[in-house]
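Reviewing the structure listed below.
A, B, ... follow the sequence lines: proteins, then strands. Residue 1 opens every chain. Computed from heavy atoms alone, side chains included, the values below leave out hydrogens, waters and symmetry copies.
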There are 2 protein chains.
Amino acid sequence: MREFRKSVRVLLIDDNQDHLRGVKELITLESSYEVISTTTSANLGINLIKKYHPDLVLMDINMPEKDGLQAIQEIEKLELGTKVIALSGYDDSDLIFRAMKLGAKGYILKTMASAQLIRAMDEVSQGKVYLPAVLSSRFFEYFQASYKEETSMSEENLLNYLTAREEEVLDLLTQGNNYKGIASKLFISETTVKTHVNNIFQKLQVNDRTQAVLYALNNGFSNKRRKVKIA
Amino acid sequence: MREFRKSVRVLLIDDNQDHLRGVKELITLESSYEVISTTTSANLGINLIKKYHPDLVLMDINMPEKDGLQAIQEIEKLELGTKVIALSGYDDSDLIFRAMKLGAKGYILKTMASAQLIRAMDEVSQGKVYLPAVLSSRFFEYFQASYKEETSMSEENLLNYLTAREEEVLDLLTQGNNYKGIASKLFISETTVKTHVNNIFQKLQVNDRTQAVLYALNNGFSNKRRKVKIA
DNA sequence: TAATATTTAAATCTTTAGATTGATAAAAAG
DNA sequence: CTTTTTATCAATCTAAAGATTTAAATATTA
């Protein structure tokens, strides 16, 4: 029995009129997709999404008027299940990474073959996330580079010199507590907290609480905490 | 002219003897790869890496003795340029994510066709990062889920109410500067900085600089800054 | 057990930090 | 061309933060 499949409803957003037409023609050739609307403006596009709830959005993220990444974020915030595939002229690692981070389900270069776009649309409309091999390779490099610091930095981490109690105090510092708040939460006097905090400053080689908090966050302190909680 | 290519030197680590032999035979069929050693122990494997500096390591990450993920981390810490491909019996999203995070250049399921393994080895030894489409799809789902909180949290991001100057001041706050430091860096008086900082507190609804910095970091402030610097 | 590290606390003092009010010039928005 | 926002600065005041010293009870470890 042949399965009945409702066509996937697509919205196109691209400030380039020519490219918009080209993509529309291309998609119209595919029987399983239906272009319900097109627009050259990201703001208008978001309004159209609110009205028509398309299944799929193909969006150029290199638009001058409104940042395409910001548009992705706004679309995700709507939580309508609309899947966004980012179209871009550049295979910039940072762009790819940020687009995916914000929830784009795919990322395609405009220079890629049209079959690649259809492939991505197929995968994404089936609920998967799809990046062409070239781009996913780029993505992973960026991803790993962004984690490398944390990993390699952990050779000489000043946080390791802290005592258990000092870690507790630092943890409360990284939650924005002042002396009074820490004292009441640990059931100790404020002067004791001051002593701990001063010792923390010495060990982390910083001058004030803000620097201590920044050092902690930049050196995997919160991660360490989470790890403890999970394990 | 035919290009001379030195064969890629491979080390196999797998606690399963049978699997170890199978993979070795498979790789030996490939002329461009040379299995320089095999071992069933992660600890021994790391020692072998220190001695022989292999180009590629295929490592089972489901070993009882030592955590395979930990082994990856240790290998990366050596910084010998050794590329690790993780072999696993499970397509667990969390495992894939953590392996990649720790620097694995590839992740292959043992149930996958041998051609898939060779493909991964080819890509990785050429300096790329390679995940089969099925697994990269899983990876991205996990990746996006882990960022979703942050994105959806920004329902009404108070950072958007800051003026350009206030953003500059907040940026310097997130670098651990005090009033004097900010004043000298922006070439304005200390009292002006105080005014800005107080206005920032009002807008972010916080009581002190540490809380302001934490709010900024938890609501994508650093990302916004990077965007500005690049664009 | 003896030596050492940790946690607790107080007292004192100096220095920032933060709140508040008021004011002016420039820039942006209407 | 007004009105509003932004950026600048000052003065004053209170509260909080940070530095320093001393000390004692409790754990830890050699």
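- Using a 4.0 Å heavy-atom distance criterion, B:T192 is classed as a base contact.
- Here C:dA17 presents its P atom at 10 Å from CG of A:N207, a figure rounded to the nearest Å.
- Per the geometry, CD belonging to B:E190 stands 8 Å off P belonging to C:dA17, to the nearest Å.
- Each of B:I188 and A:N198 was assigned the nucleotide of DNA chain D with the nearest heavy atom; the assignment lying further toward the 5' end belongs to B:I188.
- The existence of a salt bridge linking B:D91 and B:R138 is confirmed by a sub-4.0 Å separation between a basic side-chain nitrogen and an acidic carboxylate oxygen.
- Going from atom OH of A:Y179 over to atom C1' of C:dT15 covers 12 Å, rounded to whole Å.
- B:I182 places its CD1 atom 12 Å from the C1' atom of C:dT16, with the value rounded to the nearest Å.
- The pair A:K77-A:E74 does not count as a salt bridge, with every side-chain nitrogen at least 4.0 angstrom from each carboxylate oxygen.
- Shown here are the salt bridge (charged side-chain N to carboxylate O under 4.0 Å, His left out) partners of B:K194, two or more places apart in sequence or in another chain: there are none.
- Within the structure, a side-chain polar atom (N or O) of A:T163 is placed less than 4.0 Å from OP1 or OP2 of C:dT7.
- Atom CZ in A:F201 sits roughly 17 Å away from atom P in C:dT15 (whole-Å rounding).
- The aromatic rings of A:F140 and A:F143 sit perpendicular to each other, their planes meeting at more than 60°, with 30° as the lower class boundary.
- Nearest-nucleotide positions on DNA chain C for B:V206 and B:T195 put B:V206 closer to the 5' end.
- Per the geometry, CD1 belonging to B:I200 stands 12 Å off P belonging to C:dA19, to the nearest Å.
- Taking the nucleotide of DNA chain D with the nearest heavy atom to each of B:K194 and A:D208, the more 5' of the two is matched to B:K194.
- In this structure, A:F139 and B:F139 have perpendicular ring planes: the angle between them is above 60°, well past the 30° mark.
- Boundaries of the chain B contact region on DNA chain D are D:dT6 to D:dA10, first to last in 5' to 3' order (nucleotide atom under 4.0 Å from a heavy atom).
- Using a cutoff of 4.0 Å between basic side-chain nitrogens and carboxylate oxygens, B:R209 and A:D208 are not scored as salt-bridged.
- Residue A:K203 places its NZ atom among more than 12 non-hydrogen atoms of other residues, nucleotides or ligands, all under 6.0 Å distant.
- The distance between atom CG of B:N177 and atom P of C:dT16, rounded to the nearest whole Å, is 14 Å.
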